[in-house]
Amino acid sequence: MNLLRDSATIARRNVIRIRRVPDVMAFVVVQPIMFVLLFAYVFGGSIDIPGGNYREFLMAGIFSQTVVFGATFTGAGLAEDMQKGLINRFRSLPMSRSAVVAGRTVSDVVYNALSIIVMSLAGLAVGWRIRGSFLDAVVAFALLLFFAYSFSWVMACIGLLVPTPEVVNNATFVVLFPLTFIANTFVPSDNLPGVLKPIAEWNPVSTLTQAVREGFGNLPVGTPEPTAWPLQNATLYTLVWAAILIVVFAPIATRLYQRAGAR
Amino acid sequence: MTSSPSDTSVSARGLIKTYGEVTALAGLDLDVPGGTVLGLLGPNGAGKTTAVSILTTLVRPDSGSAHVAGVDVMADPRGVRSRIGLSGQYAAVDEHLTATENLEMIGCLYGMPRREARRRGLDLLEQFRLMEASDRPLKTFSGGMRRRIDLAGALVADPPVLFLDEPTTGLDPRSRGELWDAIRERVKGGTTVLLTTQYLEEADQLADEIVVIDHGRSIAKGTAEQLKRRVGGEHLDVHVSGDGAVATTESILAAVATGPLRIHHDDGELSAPVSNGVEALSTVLRELESRQVTIVDIGLRRPTLDDVFMELTGHEAEAEVSS
Ligand SMILES: Nc1ncnc2c1ncn2[C@@H]1O[C@H](COP(=O)(O)OP(=O)(O)OP(=O)(O)O)[C@@H](O)[C@H]1O
Ligand SMILES: [Mg+2]
């Protein structure tokens, strides 16, 4: 009970900050628009996918990439709290030990939901449409948010380990670029060479993208059935990954938080 | 707070904490009877913040034991947290939130209903004259104002024991006085306070008992009066000007001093503890005249806590050096 109450208090605080911190707004609003436009107009004409419309294909990839990068907020936010001494203040209060990190991961769902709304509008403007059923689309959005939520626990651990928010940004870019590019986000995984292909096929960012693409009905007619098991069972595989990330990283993050100030 | 207020004392036995090669605490004992103020005095790096961090459950000692308000710090840290208020050495506030939002958040995390937390927060802002700033993000506040909001955070839930780590460093004299009043008022209501400070005047003003620590252990304790008496004698202060005047005066004073000299090279001010004040004064005057040192001012005075500090630690309180 304490956990819920305290997490809500922390989440409320973080949400208030969204409005007040201009660079956060820029990240939430400007970056997704930029990605949609860049990919739509720069690559849109030159990348061919069998039987389809690249812009439409692309949107699910941009959605996945953006929400995964959104998890960076969790890490950077916690690193900033540590740097500013707030973590120590929280640790001296009779609050739940998990609430600071849990509240942060919850409020980052709000960031991601905002980004998704902005991206969807930008996508609609360049011609993207949801072709599947309403329910499938809702499930796809929910899956995006849930995977991003689980991933923010990973970033929370990084944020609690490094000395400053800047380090979080640097560290995560090194991890997140390969993770989101060695995937079917921007090109079909069948097009990837050699060893990259199986990596992409088993990458949960690919399965997330695949599930979202299916949910939005954005796979062109006549797309060959994927041969890899994860892509055939994209939703299930993605959910299992999300669950594993939470089960493994939530306790680690809580432990790191408890020791954080003692450095 | 709902916890039983019967025992609000703080005690520590044999606290040891090392960071690699550095010994931050080397067996510190502390006792703060309920409803009193203990002033923890010590130079930079003496271990004041480490002691506060251990008592407020932020850091675990390598060995030793501690009790706060009857609760064992190591065995039940959570129980301790619900009975204490902490204001750390550096203001820890969320600078994107307003003063009211910050205090409300802290109150809620103490388990207060949101409304009550807000009302308490507003009361404190009023008391600290921060009302007009209550709706502005703290980013736009001066350092001193943030500091006072941080202190208000420690008071929101009215905890029975307060830990204040250098609470008035960086405050102007008026704010400092107001903070002292706020602390006195709480103590009158039965709150126990452990405060660290570099300002000897602050310890003199607020503390029932003073513990001087250096290199992680207590080197003296007592009331301000007891400590001053300990230094005994009088002090001879000399203010000189001119090239080489300080060096000359230093050698003259060294001959009559009963303890280490205190020297402000830039200002040309020197101070020496002496046993027979009048005799020392006339000797020094004679010597200074014969060596043709220009005397701006010279005089005898009773010892202050500054002198105690100097005598005990062999170095001055940093805050005094930098001022
Ligand atoms: N987290 C830490 N890691 C390494 N060394 C530390 C750490 N915290 C404190 N120390 C060392 O322990 C000693 C005591 O530090 P502490 O902060 O308790 O002193 P202090 O009396 O509060 O000093 P100040 O007046 O400067 O605030 C210092 O030598 C300091 O460098
Ligand atoms: Mg300190």
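Keep in mind that the numbers below use all heavy atoms, side chains included, and drop hydrogens, waters and symmetry copies. Each chain gets a letter, A, B and so on, in the order its sequence line appears, and its residues count up from 1. Since this is a predicted model, take the numbers as computed values, not measurements.
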Which is it for Arg13(A) and Glu104(B) under the salt bridge (Lys or Arg N to Asp or Glu O under 4.0 Å) test, yes or no, and what are the steps along the way? CA-CA 10 Å; Arg13(A) 162 217 173 206; Glu104(B) 181 186 307; over 6 Å; no
Quick check on the interface: out of Val80(B), Asp150(B), Thr56(B), who has the most heavy-atom pairs with chain A under 4.5 Å? Asp150(B)
Please check if atom CZ in Arg255(A) has more than 12 non-hydrogen atoms from other residues, nucleotides or ligands closer than 6.0 Å. no
Looking at Arg217(B), I'd like to know if its CZ atom is crowded, meaning that more than 12 non-hydrogen atoms belonging to other residues, nucleotides or ligands lie closer than 6.0 Å.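 No, not enclosed.
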Residue list, side-chain contact (heavy atoms from CB on, under 4.5 Å) with Thr66(A), at least two apart or on another chain: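 So Thr66(A) forms a side-chain contact (heavy atoms from CB on, under 4.5 Å) with Pro32(A), Ile62(A), Ser115(A), Met119(A).
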Check: residues 95-103 of chain A side-chain donor-acceptor pairs under 3.5 Å, at least two apart:
from	atom 1	to	atom 2	distance (Å)
Ser96(A)	OG	Ser98(A)	N	3.2

Ile16(A) side chain reached by His96(B) side chain, heavy atoms, under 4.5 Å: no
Min side-chain heavy-atom separation Arg12(A)-Arg114(B) under 4.5 Å: yes
Nearest 0.5 angstrom please: [X] [atom1] to [Y] [atom2], how far?
X: Arg60(B); Y: Gln258(A); atom1: CZ; atom2: CD; value: 10.5 Å
X: Ile10(A); Y: Cys108(B); atom1: CD1; atom2: SG; value: 10.0 Å
X: Glu95(B); Y: Leu86(A); atom1: CD; atom2: CG; value: 9.0 Å

With a 4.5 angstrom heavy-atom cut-off, is it the side chain or the backbone of [X] that approaches chain A, or both, or neither?
X: Thr57(B); answer: both
X: Asn102(B); answer: neither
X: Thr50(B); answer: neither
X: Val93(B); answer: backbone

Minimum-distance pair of heavy atoms, taken over all atoms of [X] and [Y]:
X: Asn88(A); Y: Leu58(B); answer: O-CD2, 3.5 Å
X: Arg20(A); Y: Leu97(B); answer: NH1-CA, 3.6 Å
X: Asn2(A); Y: Arg78(B); answer: ND2-NH2, 3.1 Å

If one checks every heavy atom of Arg19(A) against chain B at 4.5 Å, the contacting part turns out to be neither
Is Arg81(B) reaching over with its side chain to a backbone N or O of Phe90(A), donor-acceptor style, under 3.5 angstrom? no
Any donor and acceptor pair, going by atom type alone, linking the side chain of Arg89(A) with main-chain N or O of Leu86(B) inside 3.5 Å?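 Yes; at least one donor-acceptor contact below 3.5 Å.
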